[in-house]
Structures are given as C-alpha cells and as structure tokens.
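Chain naming here is simple, since letters A, B, ... match the order of the sequence lines and numbering starts at 1 in each. This structure is a prediction, so every number in the text was calculated from the model and none was measured.
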2 protein chains.
Amino acid sequence: MTCSGHPVTVALAASGTRALRFWKRLQTKVDEEVTVSGIEDVASLAGVSKATVSRALSGRGYVSVETRAKVSDAAHRLGYVVSSSASSLVTGRTNNVGVIIPRINQWFFGSILEGVERALLDRGYDLMLYNVSKTVEERSKVFEYFLVRKRVDAVIAVTLEITPAETERLVGLGKPIAGIGGPLEGIPTVSIDDVAAARLATEHLLLLGHRDIVHVGGDVDEQMDFHVHSKRLKGFLEALTAAGIPHDENSYLATRFDIPGGYRVGKQLLGDPRRRPTAIFAAADEVAIGVILAARELGISVPDDLSVIGIDNHPLSDMFGLTTVEQRPDLQGEHAVDWVIRQLEQPGWSPDAGHAFAPTRLVMRSSTAPPRPRTG
Amino acid sequence: MTCSGHPVTVALAASGTRALRFWKRLQTKVDEEVTVSGIEDVASLAGVSKATVSRALSGRGYVSVETRAKVSDAAHRLGYVVSSSASSLVTGRTNNVGVIIPRINQWFFGSILEGVERALLDRGYDLMLYNVSKTVEERSKVFEYFLVRKRVDAVIAVTLEITPAETERLVGLGKPIAGIGGPLEGIPTVSIDDVAAARLATEHLLLLGHRDIVHVGGDVDEQMDFHVHSKRLKGFLEALTAAGIPHDENSYLATRFDIPGGYRVGKQLLGDPRRRPTAIFAAADEVAIGVILAARELGISVPDDLSVIGIDNHPLSDMFGLTTVEQRPDLQGEHAVDWVIRQLEQPGWSPDAGHAFAPTRLVMRSSTAPPRPRTG
DNA sequence: GAAACTTATGGAAAGGTTTCCTGAACCAGG
DNA sequence: CCTGGTTCAGGAAACCTTTCCATAAGTTTC
C-alpha cells in the first residue's frame with residue numbers, strides 16, 4: 001500500500017458553473033488514483049514498526065521523544081488518519097454517543113442539544129443524533145435498529161420514556177445511559193426540580209401580594225414529558241396551600257407549550273374581566289410571552305393590571321421584560337454527558353444518586369409587580 | 001469542564017432511590033453474565049458458515065430461502081447485531097453522514113437539521129452532528145480532527161464557508177459533499193433563490209401600491225452567511241429599480257436576524273414619523289415580527305399604517321398574521337441528503353448543476369395592505 | 001557487579017466482518 | 001452423457017488497527 005495521492009492544486013473560479021466543473025474534475029481525478037495511506041506507510045516512512053506508530057500516535061505505552069516526533073512527522077506528511085473502524089474493532093470503543101431527542105426546533109431541546117454537543121466534542125466524542133418523536137414504533141425502531149447496532153458507546157435520552165426492557169437491553173450491552181428531562185424509569189436523570197421551580201415562581205407572586213393567581217401549564221401532547229406539567233402544577237398548588245390560599249379547577253389551565261398556545265389561552269382567560277386574575281404563572285416562558293401578547297392586545301397593562309411569570313429564561317424573555325425562573329438546558333446536557341463519559345472512562349463508577357437537580361434562579365424583570373390596589 | 005462550575009444539588013426522593021436501585025442491579029447483572037454473540041455463534045446455531053450468515057443477513061449473494069430463515073431465526077434468538085466497526089472496516093463504508101451546522105437553536109437551522117435527520121434515518125444512515133460556529137479554528141478542528149477521521153461517508157455543510165483546501169481534502173477522500181444555504185465554493189449547494197424571493201416580496205408591496213419601502217436586512221454576524229443579506233438586498237433593489245422607484249442609503253437597514261433585532265430597528269425606524277415608510281420588507285420573519293411588535297408599541301397599526309412582509313414562514317408568522325415568502329429549510333435538507341446519498345450509492349453520479357434552488361411561495365396574511373391614502 | 005526495574009521497540013495475534021474463490025449440486029440443452 | 005449456466009454454501013484471505021509478549025538496552029539498588 002502506497003500513498004499515490006498527489007496534492008492537486010486548482011484555481012477556483014467564482015462562477016457557479018466553473019465551480020461545478022472544478023468539482024467534477026476532482027471527482028474523476030479521484031476515481032483514477034486515490035489511495036489513502038495506512039499505518040504501514042507511516043511506519044515505513046518513519047522507519048519504525050506499526051506497533052510503535054500506534055503507540056506514538058495514541059500516546060499509550062512507551063515511545064521515545066525522538067521516535068514520537070519522527071512518527072508524527074511522517075503521519076502528518078502522509079495525511080494519515082487512523083481508521084476508526086479498525087481502531088474500534090479492536091478496542092471495542094466507537095467514541096461516539098447516541099442522543100435521542102424528541103424535537104430539535106424548540107428552545108429547550110435545541111439548547112440541550114447544543115450543550116450536549118459542545119461537551120461531547122470537547123471530550124473527543126462524536127454525537128450521533130436520533131430525532132425521535134414519542135411514537136412507540138419510531139422509538140423502538142431506533143432502539144432496535146440503530147442504537148443497539150454497536151455504533152455508540154453510550155446513550156443520552158432526552159425527555160423520552162424508555163421501557164424497562166429497553167433500558168435493560170442497553171445496560172445489558174454495557175452502555176452507560178443518562179436521561180435529561182423527565183424522570184426515566186431506572187436510569188439516572190438530570191433535570192430541574194420542577195416542583196421547586198414552580199413553587200419559587202408562585203411564591204414570588206405571593207410575596208408581591210397576589211392572591212388571585214392562575215397557572216397556565218402544558219397539556220398532554222408530544223412536546224414535553226407530562227411529568228413536567230404535573231410537577232409544575234404541584235409546586236404551584238403547594239405554594240398556594242402553604243400561603244393558605246384556596247384554589248379550585250379554575251386556578252389551572254392547560255395549553256400548548258409555545259407562544260401561540262399562551263396567546264390563545266391568554267385571550268380566553270383575560271377576555272372576561274370578571275374572571276381575570278391579578279397574576280399568571282405560566283409553566284414556560286413561551287407560554288408567558290403568549291399571555292403577555294394577548295394582554296397587550298386586550299389593553300391589559302403588564303405588570304400594572306396583570307403580573308406574569310414564567311419558567312426558562314428563554315432568549316425572548318429579556319425583550320418582553322419577563323420575570324422568570326431560569327433554567328439552563330445546555331448545562332443539563334453537559335451534566336448528562338459528564339455522567340456517561342465518566343462511566344465510560346472509569347468503569348464501575350456510577351452516579352451517586354438516581355437523579356440530579358440542575359440549579360434554577362429567579363430572574364426579576366418588569367412583568368411582575370404588586371397587584372393594583374382594589375378600587376372601590 | 002462543564003458541570004464543575006455549576007453545583008448540582010442531589011436529592012433522593014423515594015421514587016428516585018427505587019429507580020437507582022433498579023439501575024444498579026442491572027449494572028451488576030451485567031458484570032456477571034454478559035456475552036455478546038458474534039457471527040460465529042449465529043453460524044453454529046444455524047448450522048452454516050459465517051459466510052452464509054453474512055450473505056443471509058445482508059441480502060447480498062445467493063442464499064436459499066430455508067437457510068435464510070434459519071439464519072435470521074438464529075440471529076434473532078441470540079440478539080445478534082453486526083459489529084459496524086468490523087463491517088465498515090471491510091466494506092469501507094461507515095453508513096453515517098456528517099453534518100456541520102453553525103447553530104441549532106434557530107428556526108432555520110433547526111428545521112434544516114430536522115429535515116436532514118429525517119431523510120438520513122429513512123435511508124438507513126446515521127447522522128453525526130458537528131455544531132461548529134464560524135470561527136476558523138473551530139471549523140478546522142472539526143475538519144482535521146473529526147470529519148476526516150474516516151468516520152463519515154459524506155458531509156453536509158450548512159451555511160459554512162469551506163476553504164478550497166478543505167473541499168479538496170474531502171473530495172480527495174472520495175467523500176460526497178453538499179451544502180445548504182450560502183453558495184459554497186466548489187461544492188453543490190441547495191438554497192432558495194434569495195434574490196428572487198426578495199424581489200417577490202418587494203413586488204408584492206409594490207403591487208399593493210407602496211412606494212415608500214424600507215428593507216431591513218441582516219448584518220454581518222455569525223448568524224447567517226452574509227451572501228444571504230446581500231442577495232436579499234439585491235432583489236429588493238432590483239424590484240424597486242424595475243418599478244422606477246428611487247432608493248438611497250435610507251432604504252436599507254441592517255440588524256440581527258431575530259425578533260429583538262427587528263424590534264430594535266423597528267423602534268428606531270418607526271419612532272420618527274417623518275422617516276416612517278408605508279411598508280417594510282424584512283429579510284426574515286423573525287425580524288418582521290420584531291418590527292410588528294415595535295409598531296404595536298408605537299401605536300402604529302399594521303397593516304393600516306404600515307405593511308410588513310418577511311421571508312421564511314416561521315411558525316410564529318401565522319399568529320402575527322405576517323405575510324411572507326415561504327421557504328422550507330427541512331426540504332432543503334432532504335434535498336442535500338438526496339444528493340450525497342445518490343453519490344454514495346451510484347458512484348460516478350453527480351448533480352446536474354452546481355446549485356439547486358428550493359421553491360418559495362408567497363403566503364398572504366394580514367400584515368400587508370394597500371397604503372393608507374395620503375391625507376392632507 | 002548482579003539483580004531488578006524502567007524504557008523502548010518489534011513481531012505476531014486478535015478483533016468480527018465481507019468477499020473472493022472454489023466446489024458441489026442441480027437443471028436445461030444438445 | 002456431456003457441457004454450460006445457475007444456485008447454494010464453505011474456506012480463507014483481507015480490512016487496519018491495538019495489544020500482548022518478547023527482547024534488549026539502559027538505570028538503579030544493594
């Protein structure tokens with residue numbers, strides 16, 4: 001095996017067709033003569049054995065400084081890169097991590113993905129993306145056909161219910177798993193403390209003096225794990241109860257977890273002046289923003305006539321002056337990566353607890369204020 | 001390092017510990033008895049040779065119906081899955097495609113990623129995600145260290161400038177490449193016809209009778225390829241010129257490609273009644289929505305006092321009644337996948353043209369109307 | 001000055017597939 | 001009955017690393 005691939009220098013034109021031609025020419029050129037160099041070539045160029053090349057390049061085992069220099073020089077000259085297939089065939093490690101995520105195009109999920117990606121790349125792992133909705137057959141297809149196919153070293157599941165059988169299958173293959181979002185049956189998971197976050201938000205409103213508060217939560221759709229909704233509702237009710245404020249079925253409304261969802265419910269809720277609360281706790285910032293937009297349209301001043309608080313600290317929240325309980329999905333992603341990587345790199349290690357709560361904090365802006373004193 | 005800076009409080013809820021115990025039990029179970037079966041085991045269980053198993057399972061070559069049944073039965077019983085490392089070591093194919101994308105958490109990019117992912121998974125390929133900002137060193141790190149590492153069969157680059165040297169490197173390795181978004185030097189790319197889309201939007205305003213139109217485009221940041229901005233500006237100016245309408249430096253404003261960006265520039269532009277145009281063509285829906293929000297805040301009625309049109313058909317556009325020129329980033333992603341897969345599966349094939357234009361269409365809503373007849 | 005380490009290197013085996021080559025069985029046509 | 005083509009199956013080579021084992025030189029210790 002020899003490296004016959006001579007470097008091709010070609011002037012690139014700006015025009016589209018010319019660029020295309022350039023590209024086609026490269027294509028055919030490729031067909032003619034491309035050979036990629038292997039470890040053998042590097043070894044002979046550096047005047048050492050394959051074993052030494054492997055050690056020099058991977059940094060494992062004894063290699064003298066000069067030899068290492070010679071080898072890496074030769075490798076660089078030949079443009080050598082290890083075949084990850086061959087490498088992982090013998091080591092049993094693929095160096096990539098599968099990420100199952102139900103949606104991408106939504107702030108929460110996108111941020112998680114960004115965090116996971118960053119953390120993974122930092123540590124030299126590749127990320128295999130499986131964007132799987134919650135339908136059972138899609139998920140099991142991914143599980144059976146893709147994930148298990150010995151292509152990933154570990155799995156990070158975002159807000160995805162995994163059946164015990166599936167968990168067992170993965171763990172049975174010795175692959176670390178971590179979850180983000182909902183509590184996943186039997187696998188360590190990181191998320192915020194939804195109950196506490198909701199309590200914090202509600203307490204903020206209570207502290208301001210609000211007594212008439214409505215919670216707008218998510219409905220059971222595919223957007224989120226339904227646990228999120230029930231927990232945030234729970235925190236809300238807990239706070240009310242602790243403050244000795246009665247609540248009934250009118251204290252809670254469900255809608256889609258996005259701006260239009262909040263807008264719809266806002267219009268509906270605020271349209272009737274008699275039913276209008278003095279404050280709304282939305283389970284997500286996007287919902288809160290939708291509520292604010294509805295309020296504006298109805299001529300209801302925020303925060304003078306209505307206080308609104310959300311959860312997330314969404315990028316748009318600042319623009320709307322939205323008071324919110326911040327969470328950082330990207331850091332949750334990084335945390336999950338930490339877990340699986342550590343399990344990968346020091347076998348036997350496992351998280352101390354089945355669950356880690358990511359920090360949250362109250363971000364006060366201009367959408368909350370004491371309720372307007374009752375006029376006569 | 002990631003989580004070290006952000007303390008995570010750990011709590012053991014009742015259910016949490018149960019889950020953990022379950023998980024740990026699985027762990028130890030693993031240590032005791034896991035053995036993964038290889039092709040050899042399947043062969044002996046089915047009473048045939050490894051070669052036959054391979055043929056039966058991959059569907060290549062002659063295998064009798066009964067043998068195939070026996071083999072797949074045995075494979076299923078043993079829970080056998082092929083080692084993709086071993087497989088790709090000999091075939092030279094990894095069956096996954098690398099996707100380089102500058103951002104994830106933005107509608108345009110998220111949609112592309114969703115489309116690419118869907119198309120790839122449909123065809124049995126895995127997607128390796130590289131979320132790379134435009135900084136040179138990050139990009140080259142990905143190129144040199146990850147992509148080229150023989151881990152992907154093809155590359156899809158989203159809105160990323162690739163240097164000729166990098167292109168050459170990839171093509172030199174025989175890996176198909178396709179781009180989405182900006183015109184990439186020397187590689188086939190799919191995108192909308194930005195000039196035409198901008199012209200279409202502008203012509204819509206002109207047709208309604210507007211003469212005083214301002215274009216709000218993107219500034220040169222990392223959000224988008226700057227070609228997008230210049231092309232949409234070009235289409236805008238072309239339409240004005242064709243209609244015989246003069247334009248000057250006041251006809252164009254640049255801002256960030258998001259809602260706050262549009263809001264800022266909207267406030268600034270609409271704040272001064274003398275400078276206020278009758279219509280605004282925003283280069284992106286998010287910018288247009290920001291403008292609408294600014295207008296609302298200033299008491300300017302859309303579309304009575306101001307028409308606004310955008311490009312994208314963003315999910316929020318419907319809620320804001322925004323007239324827009326629709327594009328489908330997900331379909332562009334699928335198109336790019338088509339290209340690379342076809343090149344992979346029928347060697348020698350290459351796209352007819354260096355560029356494909358994805359379709360756009362005008363979606364009329366309530367944000368545009370004829371200008372208010374001049375009073376006074 | 002010998003024994004015991006440590007450091008440096010090479011040869012060879014191993015890892016799990018796919019595919020090439022070969023041969024057997026079967027069938028149709030002459 | 002022989003030939004040639006097709007279908008089926010097995011043995012063995014090949015794919016490219018990493019790692020185990022062996023060897024050898026250099027260094028420390030008693």
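In this structure, B:V90 and B:V65 both approach DNA chain D, and ranking their closest nucleotides by distance from the 5' end singles out B:V65.
Heavy atoms of A:S88 sit nowhere under 4.0 angstrom from any nucleic acid atom. Looking at heavy-atom distances under 4.0 Å, B:S85 makes no contact with the nucleic acid at all. B:S54 comes within 4.0 angstrom of a base, heavy atoms only.
Salt bridge A:R123/A:D338: present, at least one basic N to carboxylate O contact under 4.0 Å. Taking the charged nitrogens against the carboxylate oxygens, A:R77 and A:D41 have no contact shorter than 4.0 Å, which rules out a salt bridge.
Side-chain N/O atoms of B:S84 include none lying less than 4.0 angstrom from OP1 or OP2 on C:dT17. Contact between the side-chain N/O atoms of B:T52 and the OP1/OP2 oxygens of D:dG10 is found at a separation under 4.0 Å. A close approach under 4.0 Å does occur between a side-chain nitrogen or oxygen of B:S49 and OP1 or OP2 of D:dG10.
The B:T91 side chain lies nearest to C:dT18 when the options are C:dT18, D:dC15, C:dA8. Distance from the side chain of A:A86 is smallest for D:dC16 among the nucleotides D:dC16, D:dT18, C:dG16. Side-chain proximity of B:A51 to the nucleotides C:dT18, C:dG10, C:dT19 is greatest for C:dT19. Checking D:dC8, C:dT18, D:dT18 against every side-chain atom of A:K50, the shortest atom distance belongs to D:dT18. Nearest to the side-chain atoms of A:Y62 among the listed nucleotides C:dT6, C:dG10, C:dT18 stands C:dT6. With D:dT18, D:dC20, D:dC15 as the choices, the nucleotide that has an atom nearest any side-chain atom of A:R55 turns out to be D:dC20. For A:Y80, taking side-chain heavy atoms from C-beta onward, the closest of the listed nucleotides D:dT7, D:dT17, D:dA9 is D:dT17. Checking C:dT17, D:dC8, D:dT17 against the side-chain heavy atoms of A:V82 singles out D:dT17 as nearest.
Rounded to whole angstrom, the span from the CZ atom of A:R60 across to the P atom of D:dC20 amounts to 11 Å. The CG-P distance, from A:L57 to D:dT19, rounds to 13 Å in whole Å. Atom-to-atom, CG of B:N95 to C1' of C:dT17 comes out at 14 Å; the value is rounded to the nearest Å. For the pair A:R151 CZ and C:dG16 C1', the computed distance is 15 Å after rounding to whole Å. Rounded to whole Å, the distance from CZ on B:R68 to C1' on D:dC8 is 11 Å. If you take CG of B:L89 and C1' of D:dA13, they are 13 Å apart, rounded to a whole angstrom. Atom-to-atom, CD1 of A:I39 to P of D:dC16 comes out at 11 Å; the value is rounded to the nearest Å.
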**Request:** I would like to know whether A:I101 and A:L129 meet side chain to side chain contact (heavy atoms under 4.5 Å, CB included); could you show each step before the answer?
**Result:** CA-CA 8 Å; A:I101 199 161; A:L129 179 65; 3.9 Å; yes
**Request:** Kindly determine whether B:L120 and B:I341 satisfy side chain to side chain contact (heavy atoms under 4.5 Å, CB included), including the steps that lead there.
**Result:** CA-CA 9 Å; B:L120 243 25; B:I341 301 280; 4.1 Å; yes
**Item:** Stepwise side chain to side chain donor-acceptor pair (under 3.5 Å) check, A:T52 with A:S49
**Value:** CA-CA 5 Å; A:T52 303; A:S49 71; 3.2 Å; yes
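Of the candidates A:I156, A:D153, A:V152, A:V340 forms a side chain to side chain contact (heavy atoms under 4.5 Å, CB included) with just one, namely A:I156.
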